[in-house]
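Here's the structure we're looking at; comments come further down.
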Amino acid sequence: MTKERYWVVGGEYSCMAFKALKSGAPHVMGPFEDRDEARQAWKRVSDETRSNAAVRYSIASEQIVLPA
């Protein structure tokens, strides 16, 4: 049996090409049990950083295998 978890990952990038994070390490939020919960966190952090064009956040998912 598999389960999907969601994470919000991002931060401030060193350039507008979004190749490398300025601090070197991403800001990670989660895990979230469903995509809607992750989307709410993504929307909140995106709204908070809206004035900085070099900041970008995304929703990532992972599938985990649960023991039978």
Side-chain angles (χ1 to χ4, degrees):
M1 178 180 201
T2 62
K3 179 179 179 179
E4 199 161 21
R5 293 192 305 185
Y6 300 90
W7 304 82
V8 177
V9 182
E12 184 175 2
Y13 286 80
S14 58
C15 68
M16 296 304 292
F18 301 103
K19 300 274 185 200
L21 287 163
K22 197 172 192 178
S23 67
H27 179 212
V28 179
M29 293 172 277
F32 299 100
E33 296 303 316
D34 61 53
R35 189 166 184 81
D36 289 336
E37 194 178 353
R39 189 175 188 290
Q40 289 173 4
W42 168 82
K43 183 167 177 31
R44 183 178 62 252
V45 74
S46 294
D47 286 345
E48 290 170 0
T49 58
R50 178 179 296 175
S51 63
N52 187 340
V55 174
R56 178 183 280 183
Y57 284 90
S58 300
I59 297 174
S61 66
E62 70 172 331
Q63 289 191 354
I64 55 175
V65 178
L66 300 174

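Positions are given from 1, in the same order as the sequence printed here.
- Taking CZ of Arg44 as the start and OG1 of Thr49 as the end, the distance is 11.5 Å to the nearest 0.5 Å.
- Taking the side chain as every heavy atom from C-beta outward, His27 and Glu12 never approach each other to under 4.5 Å.
- Legend: residues meeting side chain to side chain donor-acceptor pair (under 3.5 Å) with Ser23, ordered by chain and number and at least two apart, are absent.
- The distance from the CZ atom of Arg35 to the CD atom of Gln40 is 13.0 Å, given to the nearest 0.5 Å.
- For the side chain to side chain donor-acceptor pair (under 3.5 Å) test, no residue two or more places apart in sequence or in another chain qualifies with Arg56.
- Contact record, Asp34 with Glu37: OD1-N, 2.8 Å, taken as the closest heavy-atom pair.
- Residues Tyr13 and Met16 share a single hydrophobic cluster, defined by chaining ILVMFWY side chains whose heavy atoms lie under 4.5 Å apart.
- The two atoms that bring Pro26 and Val9 nearest to each other are CB-CG1, 3.8 Å, heavy atoms only.
- Neither side chain, Gln63 nor Thr2, offers a donor N or O lying under 3.5 Å from an acceptor on the other.
- Ion pairing between a basic and an acidic side chain is recognised when a charged N comes within 4.0 Å of a carboxylate O; Arg50 and Asp47 show such pairing.
- Taking Ile, Leu, Val, Met, Phe, Trp and Tyr as members and joining any whose side-chain heavy atoms lie under 4.5 Å apart, directly or through other members, the hydrophobic cluster of Ile59 also contains Tyr6, Val8, Met29, Phe32, Trp42, Val45, Val55, Tyr57.
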